[in-house]
Structure formats: structure tokens, C-alpha cells
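As the structure is a prediction and not an experimental result, all values here were calculated from the model.
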Amino acid sequence: MKARLQNGDIAELLLQAAAEHDGHRRLALERASKEAWRWSEEAADVAASGRALTTLRSVGPWVAEQIEGWIEAPPPVPEPDPTHRNFLTFAQVVAVVAADPTWLSAPHGDLQMHTTDSDGHLELPDMVDAARAAGLAFASITDHSESLKIAHGQDAVRLKDQGVRIETLNERFAGSGFRVLRSIEMDVFEDGSGDMDPAVLAELDLVLGAFHSKLRSREDVTERYLAALRNPDVQVLAHPTTRMFGRRAGLIADWPRVFAEAARLGKAVELDATPRRQDLPVDLARIAVAEGVQWFSMGSDAHYAEELENLPFAMATAILAGVPRDRVIAYRTADEVVAWASALREAA
């Protein structure tokens, strides 16, 4: 018996079919392929329930007919492009988290989000209000650092001003239990150095280090990762592989060696919940667990308020990879996260 098609399989079949058509049919197939990753239910379940596949976003009658035929008689699924591999569909995420809903109900924070102080689309107070409305226990504001000009990265003066505004917000929240962390997503260069003065970073609650250059290299860049982890100012390695759905497959490294170094240093690796990132992916998160990584970070990487809802992608990755919830620092209290980062600095 052939395996049941999942939405990711259907997305690839739709993309393959699009290449065989022109005009409006090609566009319809391409749109449906993109949306298949976002459907909250498996198309096969919708069909089995007797509901019309046209209830799925971007599925018209003709596209529904194609999908119904594949569900009834599953064809060979084409090998996905490298930039599509090991991504979870939204339907998979929903099912995985529904099987262990305590990941949603347990108090947790969000350790990566952006505001108009860099490339976000909400001003600081509005993003913080959105985080509170989303039920988060705390929020870490991680606008970009100064070398990332394309993202309107902050220099030391702007970062200090943001810190003052964050403290004002925290005074407003006093007694509520909610806290905003003063953080940054710092650009880390090939030699492991960052683009901000260590004295400036020492005033922050948390520092995420991330790569933003030479992201399409097909060479082994293990040493680049080791250098970044050894940077004493970095506590979290953000969206580690740098992959992006449909755009780049991610950097190549000796991942067991990278994760072993993160474990040795007590650094955290991020589970970035952006659907088009999902970074770390499940297969690498499993390796991180096997290599003894003690801490994982979890962030929506939100640039809009609605993107705060992406955290279940990171939760599903953690569940499937066997990451214990008590090793995800977003499930610690804000005070515990700050103390953890401070202890790493002192030990460096």
C-alpha cells in the first residue's frame, strides 16, 4: 500500500504539475503549492471527511480535481528542491502540538522579535503590547546591530536609547509579572567577532549572535560556527543554518562538532519559529540533543504582530527532536534567563 500523501508531498506535486502548464493554470498550481504548506489540515483528511477541497486556501475546482486524483492514487512524489527539505507543514505542526498541548499552556516567553528600531513593522510599545496580548510571559526585543544596514541596524547610541524606553515599559509593567528583555540580534563575522562594543553588549540582558553574510556558501564553514560560539559576548546562536525556504539551503558544517562545542560552552542554539526558516530543523535539533546541548532558545522572529503566533513551529520541532521543555530557556522565567546569560558572561 502506498503511503498517504501529506501536504508537503502535495505541495511538491503541485509544483511539478505547474511546470507542465502555462498561463492561469500554471499560476493556480503555483499558488496552491505555496499555500499547501500553510493549510491547517491535511488535504487527505479533508477529502476523507467528505468536505470539498475547495475549502482549502487557493484551491479552485480544477486544482481540487488534481489533488483528489493524487490522494486516491498516490503518484511518486518528486525529490524536493534542497531549499524545501525538512520543513514542517502547518498541518504537521498543529497535529504535533495538539498531541502535547502543555507546550502551549505552560508559561513561556519569546526570545526573538523586531520593532521599527530595525526592520520590524511595529514601534516598540506596540510590539510589546502585542506580545502581552498573545499571552507571553516575557518578550526579548532583538533588533539588529549596526553593520546590517539593510535592516536599519542600531548603533550604540540608538541601542542605549531603546534600552531606556524598555526600562520605562518595565516600570509600567511592575507587579504584572511581565518583563521586556533588553536584547539584540548581533551580526557575527567570519572570524567570530561581533559588530558591537563588548562594553555596550554588557548592559544588555541577552545577546543573540547571527550570520548575515555569505549565506549561500557551499563550503564547510564549521570553523565559522566554532568562532561564533567562542565569542564571549554571545549567549545564543540564532537561526543557526541560515536556511530560507525556496531561497537557500543553509550553510554546511560538521554539525556534531558544532553542537558539541555549544554544549561545552553552555551556549544555547535557537529554534527559530519563522515558518520559512524553521531553523534549527528537526533533524539537526536531534543531533544537538545527542551531542549534549543543554540549552535551546525559542523565538518567533516576529516582524509583525501576527507573526508572534508562529511559536508552535519551534514547539513542534522541539517535540519531534526530543528536546525536553525544561531545556528551552523560553520556558524559564525572565529573571532566570537574565541570570543565565549573566553567568555565561562571567564564565567567559
Count the heavy atoms of every other residue, nucleotide or ligand shown that sit under 6.0 Å from CZ of Arg276, and state whether that count exceeds 12. no
Linking Ile, Leu, Val, Met, Phe, Trp and Tyr through side-chain heavy atoms less than 4.5 Å apart, which residues share a cluster with Trp37? Phe87, Phe245
Which pair of non-hydrogen atoms, one from Leu280 and one from Thr317, has the smallest distance, and what is that distance? O-CG2, 3.5 Å
Is Glu20 atom CD crowded by more than 12 heavy atoms from other residues, nucleotides or ligands, each under 6.0 Å away? yes
Steps toward side-chain contact (heavy atoms from CB on, under 4.5 Å) verdict (Leu136, Asp110): CA-CA 7 Å; Leu136 293 169; Asp110 185 333; 3.6 Å; yes
Donor-acceptor pair between His239 and Glu185 side chains, under 3.5 angstrom: yes
CZ (Arg57) with more than 12 external heavy atoms under 6.0 Å: no
Between the side chains of Thr241 and Asp279, does any donor sit under 3.5 Å from an acceptor? yes
If we ignore angles and hydrogens, is there a donor and acceptor under 3.5 Å between the side chains of Ser145 and Asp187? no
Asp335 and Thr333 side chains, donor-acceptor separation under 3.5 Å: no
Could you state whether Trp39 and Leu13 fall into the same hydrophobic cluster, counting links through intermediate Ile, Leu, Val, Met, Phe, Trp or Tyr residues with side-chain heavy atoms under 4.5 angstrom apart? yes
What are the two closest non-hydrogen atoms of Val97 and Ile319, and how far apart are they? CA-CD1, 4.3 Å
Can you list the steps and then say if Phe211 with Phe189 is a ring pair (Phe, Tyr, Trp, His ring centres under 6.0 Å)? CA-CA 7 Å; Phe211 300 149; Phe189 302 128; over 10 Å; no
Determine whether the side chains of Glu270 and Gln112 contain a donor N or O and an acceptor N or O closer than 3.5 Å. yes
We want to know whether Glu12 and His84 form a side-chain donor-acceptor pair, criterion being a heavy-atom distance below 3.5 angstrom. yes
Apply salt bridge (Lys or Arg N to Asp or Glu O under 4.0 Å) to Glu79 and Arg85, showing your working. CA-CA 9 Å; Glu79 183 69 21; Arg85 290 175 188 158; 3.6 Å; yes
Gln278 and Asp272 side chains, donor-acceptor separation under 3.5 Å: no
Shortest non-hydrogen separation from Phe138 to Ile329 and the atoms involved: CZ-O, 4.2 Å
So which atom in Gly250 and which in Arg218 form the shortest heavy-atom distance, rounded to 0.1 Å? O-NH1, 2.8 Å
Exercise: do Thr222 and Asp254 side chains pair donor with acceptor under 3.5 Å: no
Test item: side-chain donor near acceptor, Ser140 and Arg182, under 3.5 Å: no
More than 12 foreign heavy atoms under 6.0 Å from CD of Glu123: is that the case here? no
Do you know which two heavy atoms are closest between Asp326 and Trp295, and how far apart they sit? O-CZ3, 3.5 Å
Centroid-centroid distance, Trp62 to His24, less than 6.0 Å: no
Does a side chain donor of either Ser118 or Asp143 reach within less than 3.5 Å of an acceptor in the other side chain? yes
Hydrophobic clustering (ILVMFWY, side-chain heavy atoms < 4.5 Å, transitive) - are Leu308 and Ile141 grouped together? yes
For Asp301 and His114, does a side-chain donor sit closer than 3.5 Å to a side-chain acceptor? yes
Restricting to pairs with a member in residues 92-111, which pass ring-ring contact (aromatic ring centres under 6.0 Å, His included), not counting sequence neighbours? Trp103-Tyr331, His108-Tyr331
